[in-house]
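Please see the structure below; I have some questions.
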Amino acid sequence: MKDFIKYVFATVTGIVVFSLIMGILFVISLVGLAASSASSVPVEDNSVFTLTLSGQVNERAEEDIMGLLSGQVSENLGLDDIIASIKKAKDNEDIKGIYLESGLFSIDTPASAHAIREALLDFKKSGKWIIAYGDSYTQTAYYICSVADKVYLNPQGMVDWHGLAANPYFLKDLLAKFGVKYQLCKVGKYKSAPEMMTADGMSEPNREQVTAYMTGIWKVMLKDVAESRKVAVDSLNAYADRFITLADQPDLVKMKLVDKLLYTDEVKGEIKKLLKIDADDHIKQLSLSDMINVKGKKEKGEEIAVYYAYGDIVDSETGSLAQQEHSIVATTVCKDLEKLAEDDDVKAVVLRVNSPGGSAYASEQIWHAVTNLKAKKPVVVSMGGYAASGGYYISCAANYIYSEPTTITGSIGIFGMFPDVSGLLTDKLGIKFDEVKTNKHAAFGTMARPFNEEEMALLDQYIGRGYELFRKRVADGRKLSVDAVEEIAQGRVWLGNDALGIKLVDAIGSLDDAVKKAAQLAKLDEYKTSSYPAPTDWMDQILNSTNKNNYLDEQMRLTLGEYYEPFRYIKSINQRSAIQTRLPYFISIK
């Protein structure tokens with residue numbers, strides 16, 4: 001018995017010691033990762049910044065510590081990192097040029113692609129060169145890479161150039177097979193988000209607005225590519241109509257879409273010529289992850305805060321919708337903006353908005369926080385890919401609003417969408433209901449039946465008051481009459497270029513332009529910027545099991561491609577607020 005106890009004790013002790021050792025090694029590896037990510041990367045003379053256009057680009061990308069430890073690192077790129085790295089490459093004398101390498105590339109919005117392209121154009125003002133190469137180019141990748149001094153293609157590669165198309169999904173008949181339907185209250189004939197659940201196809205107002213903003217985006221793309229490649233817009237349109245994606249590669253050279261057909265090793269030779277090094281010399285390259293840790297120009301002066309608000313607008317962090325991926329959580333954002341208002345070191349705030357909207361209640365709370373912030377210091381909005389519906393709601397109180405030319409904005413409207421599952425429960429599953437009540441509307445919202453006519457009238461009144469409030473917020477913020485807002489509201493979606501003419505935005509410009517405007521309004525001669533909210537640190541990522549930017553979600557996005565957004569929408573439908581100011585941003589533009 002003594003020997004048994006001794007062996008058990010020895011085994012337990014061994015397990016404890018082993019666990020302690022593994023825990024210490026785990027912590028050491030984490031510290032090493034944190035230190036390596038925080039260390040500055042030196043830049044050697046005659047270097048090249050290699051920007052690989054591969055993976056998914058979103059507004060911001062946070063480092064996934066758990067992914068690094070497991071070796072499951074997703075290709076998730078941050079627009080902010082890309083823009084900042086291009087600027088640092090421009091300012092660094094040791095970096096001689098940028099090499100763009102096209103791969104399997106996906107980006108959240110056309111406006112983000114335009115922002116990268118504009119940053120590359122600004123880089124060229126330094127007199128440095130840009131070379132682009134691809135085994136194949138997606139249409140978006142080609143749009144970005146067309147800015148290069150030379151565009152090279154693999155002799156067996158493709159240039160995807162076919163125009164834009166939108167393919168909205170409609171699930172009404174699918175839901176009907178399960179005995180489910182949605183009852184709808186909405187204000188705004190253009191408010192098309194509910195159509196996915198309540199219609200068989202696009203309404204004429206929706207078709208009108210989608211046609212308008214898609215045509216506008218395509219015009220911007222045509223104009224930009226035409227200027228860079230010295231090809232007429234009419235020719236580019238003709239190439240798209242001919243579907244030159246499948247064209248013979250030498251014809252792409254004749255069309256002036258690419259400059260030369262080269263293999264990968266031959267492109268290296270072209271870059272070595274530009275660097276004026278021998279054919280057998282090594283090219284000194286810096287990746288995007290390297291550039292993130294390269295020191296930029298030292299900023300000095302007063303602080304301007306850049307606060308990033310992107311994703312769906314939700315009421316709180318507790319809902320599973322907020323936990324699935326990055327969202328604008330009203331409770332968190334309001335607290336953050338209150339802190340910025342009280343921080344005397346922050347002289348102005350730039351609110352970077354990239355959102356299709358979401359909860360109407362949450363949007364109103366953030367609007368209130370922005371209004372309070374503006375009372376203490378200048379607030380300038382920089383619109384990214386989307387600032388529509390709730391995204392516009394939280395923007396309209398700012399002192400000044402910038403948008404990208406292809407930002408999708410406006411959509412001043414509101415709707416409530418309520419599932420009726422009584423058919424599923426009674427007809428399909430055979431569940432029977434009875435009712436006893438003390439008051440007329442005591443059973444309001446019961447699963448046993450759909451809303452009756454009187455209940456729908458009450459909901460219509462409630463939704464109508466929400467629309468009137470939204471419209472007034474816009475009128476007050478933009479210094480317009482309510483009647484003037486009504487003419488451009490009704491849920492109508494506008495492209496940034498068009499929004500300028502109807503006073504929904506003040507100017508077309510980048511995030512940098514917004515920062516400069518904030519400095520001007522705050523009367524600052526010298527200023528530096530700080531990004532908020534701060535990225536989640538490695539310890540919080542480990543302790544927080546509901547990490548939004550998880551590996552599986554990113555893999556699902558890459559696997560499903562254009563089907564990811566409707567899949568995510570359906571998956572999260574029950575977590576969304578019933579009263580919404582949002583845009584159907586899952587419409588695929590390809």
- Minimum side-chain heavy-atom gap N58-L77 below 4.5 Å: no
- What one should report as the nearest heavy-atom pair of G385 and T109 is CA-OG1, 3.2 Å
- Query: Would you say the side-chain atoms of D343 pair up with the backbone N or O of D345, donor to acceptor, closer than 3.5 Å?
  - Reply: yes
- Between CD1 of I130 and CD1 of I144, what distance do you get to the nearest 0.5 Å? 11.5 Å
- Item | More than 12 heavy atoms from other groups under 6.0 Å of NZ on K124 | yes
- Does NZ or CZ of K90 come closer than 6.0 Å to the centre of the six-membered ring of F123, within 45° of the ring's axis? no
- Message: With a 4.5 Å cut-off on side-chain heavy atoms, are Y213 and I408 touching?
- Response: yes
- Heavy-atom donor-acceptor pair, K88 side chain to I292 backbone, under 3.5 Å: yes
- Task: Apply salt bridge (Lys or Arg N to Asp or Glu O under 4.0 Å) to the pair E342 and K376, showing each step before the final yes or no.
- Result: CA-CA 8 Å; E342 295 171 353; K376 294 189 175 182; 5.2 Å; no
- Got a second to check how far S85's OG is from D290's CG, nearest 0.5 Å? 9.5 Å
- Message: Under the side chain to side chain donor-acceptor pair (under 3.5 Å) definition, can you give me all pairs with a residue in residues 503-515, not counting sequence neighbours?
- Response: K87-D512, R478-D506, S510-D513
- Message: M197 vs M417, test: side chain to side chain contact (heavy atoms under 4.5 Å, CB included). Steps then yes/no.
- Response: CA-CA 9 Å; M197 299 296 187; M417 196 163 57; 3.9 Å; yes
- Item | side-chain hydrogen bond (donor to acceptor under 3.5 Å, both in side chains) partners for E208, two or more places apart | Y190, R492
- Message: Is any side-chain heavy atom of M221 closer than 4.5 Å to one of Q139?
- Response: yes
- Task: Carefully, step by step, assess Y307 and D336 under the rule side chain to side chain donor-acceptor pair (under 3.5 Å).
- Result: CA-CA 9 Å; Y307 190 91; D336 290 345; 2.6 Å; yes
- Checking side chain to side chain contact (heavy atoms under 4.5 Å, CB included) for the pair C334/I366: CA distance, chi angles, key distance, verdict? CA-CA 6 Å; C334 289; I366 297 173; 4.3 Å; yes
- Item | Nearest non-hydrogen partners of L521 and V380, listed with the distance | CD1-CG2, 3.8 Å
- Task: Report, as yes or no, whether the 6.0 Å neighbourhood of atom NZ on K189 holds more than 12 heavy atoms from other residues, nucleotides or ligands.
- Result: no
- Task: Ignoring hydrogens and angles, tell me if any N or O in the side chain of N354 forms a donor-acceptor pair with the backbone of Y310 under 3.5 Å.
- Result: no
- If only atom types and distance count, is the side chain of E59 paired as donor or acceptor with the main-chain N or O of G384 below 3.5 Å? no
- Task: May I ask you to decide if V329's main-chain N or O and S327's side chain share a donor-acceptor pair within less than 3.5 Å?
- Result: no
- Flag the pair P168 / M202 as yes when at least one side-chain heavy-atom distance between them is below 4.5 Å, and no otherwise. yes
- Query: Nearest 0.5 Å, what's the CD-CZ distance between E468 and R471?
  - Reply: 5.5 Å
- Could you tell me the separation between the CG atom of L340 and the CD atom of E303, rounded to the nearest 0.5 Å? 8.0 Å
- Task: Keeping the roles fixed (side chain from Q209, backbone from P205), state whether a donor-acceptor pair exists under 3.5 Å.
- Result: no
- Quick one: does Y137's side chain have a donor or acceptor within less than 3.5 Å of a partner on G134's backbone? yes
- How about L511 and V350: do any of their side-chain heavy atoms sit closer than 4.5 Å? yes
- Do you know which two heavy atoms are closest between G416 and I463, and how far apart they sit? N-CD1, 3.8 Å
- Pair I107-I116, side chain to side chain contact (heavy atoms under 4.5 Å, CB included): steps then yes or no: CA-CA 11 Å; I107 198 162; I116 294 173; 3.9 Å; yes
- Task: State, to 0.1 Å, how close S146 and S228 come at their nearest heavy-atom pair, and which atoms those are.
- Result: O-CB, 3.2 Å
- Query: Counting distance only, does the side-chain N/O of K347 pair as donor-acceptor with the main-chain N or O of A519 below 3.5 Å?
  - Reply: no
- Item | Test side chain to side chain contact (heavy atoms under 4.5 Å, CB included) applied to S102 and Y142, step by step | CA-CA 8 Å; S102 175; Y142 182 77; over 6 Å; no
- Query: Any side-chain heavy atom of I328 sitting closer than 4.5 Å to one from V314?
  - Reply: no
- Message: Checking E299 now: which residues fulfil side chain to side chain contact (heavy atoms under 4.5 Å, CB included) with it, not counting sequence neighbours?
- Response: K528, T529
- Donor-acceptor contact below 3.5 Å, side chain T407 vs main chain S403: no
- Message: How close do T140 and F105 get, counting heavy atoms only, and between which atoms?
- Response: CG2-CE2, 4.0 Å
- Item | Nearest atoms (heavy-atom pairs only) where K377 meets A341 | NZ-O, 3.3 Å
- Do the side chains of R352 and L79 get nearer than 4.5 Å, heavy atoms only? yes
- Item | F415 CZ to Y467 OH distance, which is reported to the nearest 0.5 Å | 14.5 Å
- Item | NZ-CG distance between K472 and L480, expressed to the nearest 0.5 angstrom | 13.0 Å
- Does a side-chain heavy-atom distance below 4.5 Å link I217 with L164? yes
- Message: Please check this pair: side chain of K374 against backbone of A397, looking for a donor-acceptor N/O pair closer than 3.5 Å.
- Response: yes
- Task: Using side-chain hydrogen bond (donor to acceptor under 3.5 Å, both in side chains) as the criterion, list what pairs up with S203, not counting sequence neighbours.
- Result: E195
- Item | Distance-only polar pair, side chains of S289 and S287, donor-acceptor under 3.5 Å | yes
- Message: Holding to side chain to side chain contact (heavy atoms under 4.5 Å, CB included), I want the full list of residues that pass it with I488, two or more places apart in sequence or in another chain.
- Response: W494, I502, L504
- Please determine, by modelled atom types, if S359 and D315 share a side-chain donor-acceptor pair under 3.5 angstrom. yes
- Message: Tell me every residue that passes side-chain hydrogen bond (donor to acceptor under 3.5 Å, both in side chains) with Y402, counting only those two or more places apart in sequence or in another chain.
- Response: none
- Item | R117 to Y143 six-membered ring, cation-pi geometry met (6.0 Å, 45°) | yes
- Query: For the rings on F470 and Y393, is their centre-to-centre separation under 6.0 Å?
  - Reply: yes
